[in-house]
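Note that the structure is a prediction, hence the values are computed from the model and not measured.
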Amino acid sequence: MKLYVTPGSPYARMARIVVLEKKLTDRVEIVAAQTRTANSPYYEINPSGRVPYLVRDDGVGLEESAVICAYLDRLDGKPSFDLPPGEQAWEARRLEGLARSMMDGLAVWLRELYRPHNERSLGVVQHEADRARRMADVWEREIQHPYIHAALNMAQITLDCALRLEAHHPDFDWRSGHARLCDWYAPIAGRASFAATAPPAGR
């Protein structure tokens, strides 16, 4: 199988973390995709040009990080990242949704900053900066939830991938005034799979 990624994509990083956690490096080849480039050969593989993109052994491609992570998790028949049973599943989905919302907003902010200065929307930049601050406040409260301190799960992976976008965002300061969030982040960021997939600094 081939997993197409870009080094800075938080969505692709989620899939790369699952590959390492599930010890699938012998089965999944990580391939750097050339995106946001006219006539990139990657578009022949994935016409949408998005990452991550997993091409299975049968040649069928899977898109969307949640779908890919779920597929990879089940390859060995022993899923590690399934939702908990009963009503707890809704709490897990709620927390994963909050983390995903934070990451999605940060991705929009970052894409806007990639544009030339004369093409940027100051309104979009300010809107996403405000959203990021609000979400950091939310997570300073939610970080005490038992699920975020349970065995590694997709909510934790998603949240770390969102927070680690500070490497690309000089103005994304989620640490100030969020001591509990910082305390949670430090050990999980040092986990082998998280450290190995950390995005490069800069834009």
Side-chain angles (χ1 to χ4, degrees), residues 1-85 88-90 92-108 110-111 114 147-148 150-165 167-168 188-189 191-200:
M1 279 176 285
K2 292 185 178 182
L3 178 64
Y4 291 86
V5 306
T6 56
S9 167
Y11 305 98
R13 183 172 176 243
M14 291 171 62
R16 291 164 61 206
I17 287 172
V18 172
V19 167
L20 293 175
E21 289 290 336
K22 298 292 293 189
K23 298 180 171 54
L24 296 172
T25 52
D26 290 340
R27 298 185 63 180
V28 180
E29 177 186 357
I30 306 296
V31 182
Q34 187 177 26
T35 63
R36 301 185 183 280
T37 302
N39 303 314
S40 169
Y42 178 55
Y43 303 153
E44 295 296 319
I45 299 166
N46 180 14
S48 80
R50 297 173 64 199
V51 293
Y53 190 70
L54 180 71
V55 178
R56 302 186 322 202
D57 290 333
D58 60 4
V60 174
L62 299 180
E63 191 168 355
E64 177 58 41
S65 56
V67 174
I68 291 171
C69 288
Y71 179 81
L72 294 172
D73 186 31
R74 287 163 174 76
L75 279 177
D76 60 1
K78 302 174 182 177
S80 303
F81 302 117
D82 271 352
L83 293 171
Q88 296 178 56
W90 293 111
R93 289 181 186 275
R94 182 182 72 82
L95 292 165
E96 186 176 342
L98 279 177
R100 184 64 176 243
S101 181
M102 186 179 199
M103 187 163 71
D104 288 347
L106 289 166
V108 171
L110 184 59
R111 281 195 295 271
Y114 280 154
Y147 189 65
I148 302 298
L152 187 66
N153 54 59
M154 292 309 301
Q156 296 168 357
I157 291 174
T158 307
L159 179 57
D160 177 274
C161 288
L163 296 176
R164 190 64 77 105
L165 283 173
H168 300 300
I188 199 168
R191 191 179 176 106
S193 62
F194 288 69
T197 58

Apply side chain to side chain contact (heavy atoms under 4.5 Å, CB included) to Ser80 and Glu21, showing your working. CA-CA 9 Å; Ser80 303; Glu21 289 290 336; over 6 Å; no

Tell me whether Ser40 contacts the main-chain N or O of Gln34 through its side chain, where contact means a donor paired with an acceptor under 3.5 Å. yes

Under 3.5 Å side-chain donor-acceptor pair for Glu63 and Ser48: yes

Minimum heavy-atom distance His168-Pro200, with the two atoms named: CE1-O, 3.2 Å

Looking at Ser9, Ser65, Pro52, which one forms a side-chain contact (heavy atoms from CB on, under 4.5 Å) with Met14? Ser65

Please confirm whether the backbone N or O of Thr35 pairs with a side-chain atom of Thr37, one donor and one acceptor, at under 3.5 Å? yes

What are the two closest non-hydrogen atoms of Ala189 and Asp160, and how far apart are they? CA-OD2, 3.9 Å

Quick one, Ile157 with Glu96, criterion side chain to side chain contact (heavy atoms under 4.5 Å, CB included). Give me CA distance, side-chain angles, the key distance, then yes/no. CA-CA 9 Å; Ile157 291 174; Glu96 186 176 342; over 6 Å; no

Intermediate values then yes/no, side chain to side chain contact (heavy atoms under 4.5 Å, CB included), Thr6 and Tyr11: CA-CA 9 Å; Thr6 56; Tyr11 305 98; over 6 Å; no

With a 4.5 Å cut-off on side-chain heavy atoms, are Met154 and Val18 touching? yes

Apply side chain to side chain contact (heavy atoms under 4.5 Å, CB included) to residues Gln156 and Phe81 and explain how you reach the verdict. CA-CA 11 Å; Gln156 296 168 357; Phe81 302 117; over 6 Å; no

Taking only residues two or more places apart in sequence or in another chain, which ones pass ring-ring contact (aromatic ring centres under 6.0 Å, His included) with Phe194? none

Approximate separation, where rounding is to 0.5 Å, of Arg111 CZ and Arg36 CZ: 6.0 Å

Measure the spacing between CG of Asp58 and CE of Met1 and express it to the nearest 0.5 Å. 9.5 Å

Would you please name every residue forming a ring-ring contact (aromatic ring centres under 6.0 Å, His included) with Tyr147, sequence neighbours left out? none

Pairwise side-chain contact, Leu152 with Ile188, heavy-atom cut-off 4.5 Å (strictly under): yes

Looking at Leu3, Val31, Ile45, which one forms a side-chain contact (heavy atoms from CB on, under 4.5 Å) with Val55? Ile45

Once you round to the nearest 0.5 Å, how far does OG1 of Thr158 lie from CG of Leu98? 11.0 Å

Between Met103 and Cys161, is any pair of side-chain heavy atoms under 4.5 Å apart? yes

Working to the nearest 0.5 Å, report the span between CG of Asn46 and OH of Tyr4. 9.5 Å

Heavy-atom closest pair (Leu54 atom, Ile68 atom, distance to 0.1 Å) is N-CD1, 3.8 Å

Quick one: sort the Tyr53 and Tyr42 rings into parallel, tilted or perpendicular, breaks at 30° and 60°. perpendicular

Carboxylate-amine/guanidinium contact Asp76 Lys78, below 4.0 Å: no

Between CD of Glu44 and CG of Asn39, what distance do you get to the nearest 0.5 Å? 9.5 Å

Locate the shortest heavy-atom distance separating Ala198 from Arg164; write the atom from each residue and the value. CB-NH1, 2.9 Å

Between CZ of Arg27 and NZ of Lys22, what distance do you get to the nearest 0.5 Å? 10.5 Å

Nearest heavy atoms of Leu72 and Ala15, plus distance in Å: CD1-O, 3.9 Å

Shortest non-hydrogen pair, Pro84 vs Ala89, comes out as O-CB, 3.2 Å

